[in-house]
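Got a structure for you, written out below as structure tokens; questions coming shortly.
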Amino acid sequence: MKTILQAKNIQKQFGTKEHVYTALQDINLDIYEGEFVGVMGPSGAGKSTLLNIFSTIDLPTSGEVIIAGENIVHMNEEKLSDFRRHQLGFIFQDYNLLDTLTVKENILLPLALSKVSAAEIEKRVNDIADVFGIREILDKYPYQISGGQKQRTAASRAIIANPSLILADEPTGALDSKSAANLLESLSALNETNQSTIMMVTHDAYAASFCKRVIFIKDGRLFMEIHKEQQSRKQFFQQVLEVLASLGGGHSDVI
Ligand code: ADP
Ligand code: MG
């Protein structure tokens, strides 16, 4: 199995010399091609901090992160922006669409600077729009579509350049339950058919149940991980709930 991401002994501290706050410690993690990994844990556990480090938005205080064979910790800003564009796809809670562009233009934005031909771009946009069920709204503007459609547009944009890794932080956080289910089913289908590698932070056990593996962070450390394997989504959902219960405290918002 091909390793897409390797995190070695990650530690992250915030604050000043006098008041150091350790947000992450002893994080060792491998993610393989074709995985759909969920990251859960109580509020303040360090989930977003970890995702920001993998996103190259933030640096670890110590430790190494290798994504698609490249060590991202010691890259200069120019190489990093190139790396982000080619290797990473992002899905945020608040969509981050450009209001002045249509859905289609938003989706193909990551290819704007690439050498991919117009015909190939057209084909990719249509294929992805089919996966996410947004073919009919390609010519609309963000203000004309629902939150669920915005998030499916954002997810389409995240995948269009065939990144090595898609990183999502609470992608269903602002969605109603039907739109959330819709997005998760599409992400899951994408993962199954394209072998897309996805890492998704969520506090929602239902969302996590779509993943193949869920890792739990508590107080900045990896606490446990579970694998779906032959279980149904519903069985895995129960298992996620059981682990959350054993984590204890500070996550009244888990369901
Ligand atoms: P989660 O996403 O699991 O809710 P975060 O990763 O956002 O948690 O935060 C983990 C801890 O690190 C929290 O205690 C938070 O206050 C702290 N933290 C996060 N970002 C910063 C920052 N830029 N400066 C100082 N402390 C931070
Ligand atoms: Mg967070």
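As a basis for the values below, the full set of heavy atoms in this structure was taken, side chains included, without hydrogen atoms, waters or symmetry mates. Indexing begins at 1, ligand by ligand and atom by atom, following the structure's order. A quick note: this is a predicted structure, and the numbers were derived from the prediction, not measured.
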N/O contact list for ligand 1, threshold under 3.5 Å:
unit_1   : atom_1 : unit_2 : atom_2 : d
ligand 1 : 2 (O)  : Ser48  : N      : 2.9
ligand 1 : 2 (O)  : Ser48  : OG     : 3.0
ligand 1 : 3 (O)  : Ala45  : N      : 3.2
ligand 1 : 3 (O)  : Gly46  : N      : 3.0
ligand 1 : 3 (O)  : Lys47  : N      : 2.9
ligand 1 : 3 (O)  : Lys47  : NZ     : 2.8
ligand 1 : 4 (O)  : Gly44  : N      : 2.7
ligand 1 : 6 (O)  : Ser48  : N      : 3.4
ligand 1 : 6 (O)  : Thr49  : N      : 2.9
ligand 1 : 6 (O)  : Thr49  : OG1    : 2.6
ligand 1 : 8 (O)  : Gly46  : N      : 3.3
ligand 1 : 14 (O) : Tyr21  : OH     : 3.1

side-chain contact (heavy atoms from CB on, under 4.5 Å) filter on Ser177, not counting sequence neighbours, yields none

**OP:** Given side chain to side chain donor-acceptor pair (under 3.5 Å), test Ser164 with Gln87 step by step and report yes or no.
**Re:** CA-CA 5 Å; Ser164 296; Gln87 306 292 356; 2.6 Å; yes

Do NZ/NE/NH1/NH2 and the carboxylate oxygens of Asp58 and Lys12 come within less than 4.0 Å?
yes

Which of Gln230, Gln231, Glu225 passes side chain to side chain donor-acceptor pair (under 3.5 Å) with His227? It is Glu225

Under 4.0 Å between a side-chain nitrogen and a carboxylate oxygen: does that hold for Arg85 and Asp82? yes

- [ ] With Arg233 as the cation and Phe210 as the aromatic partner, state whether NZ or CZ is under 6.0 Å from the six-membered ring centre and within 45° of the axis.
- [x] yes

Shortest non-hydrogen pair, Ile72 vs Phe54, comes out as CD1-O, 4.0 Å

Under 2.8 Å from the Mg ion (ligand 2), protein N/O/S atoms total 1

Could you tell me if the side chain of Leu222 sits less than 4.5 Å from the side chain of Ile27, heavy atoms only? yes

Using atom types as modelled, flag every donor-acceptor pair under 3.5 Å from a side chain in residues 103-112 to any protein atom, sequence neighbours excluded.
unit_1 : atom_1 : unit_2 : atom_2 : d
Lys104 : NZ     : Glu122 : OE1    : 3.1
Lys104 : NZ     : Glu122 : OE2    : 3.1
Glu105 : OE1    : Thr102 : N      : 2.9
Glu105 : OE1    : Thr102 : OG1    : 3.4
Asn106 : OD1    : Leu98  : N      : 2.8
Asn106 : ND2    : Leu98  : O      : 3.1
Asn106 : ND2    : Leu101 : O      : 3.2
Asn106 : ND2    : Thr102 : O      : 3.1

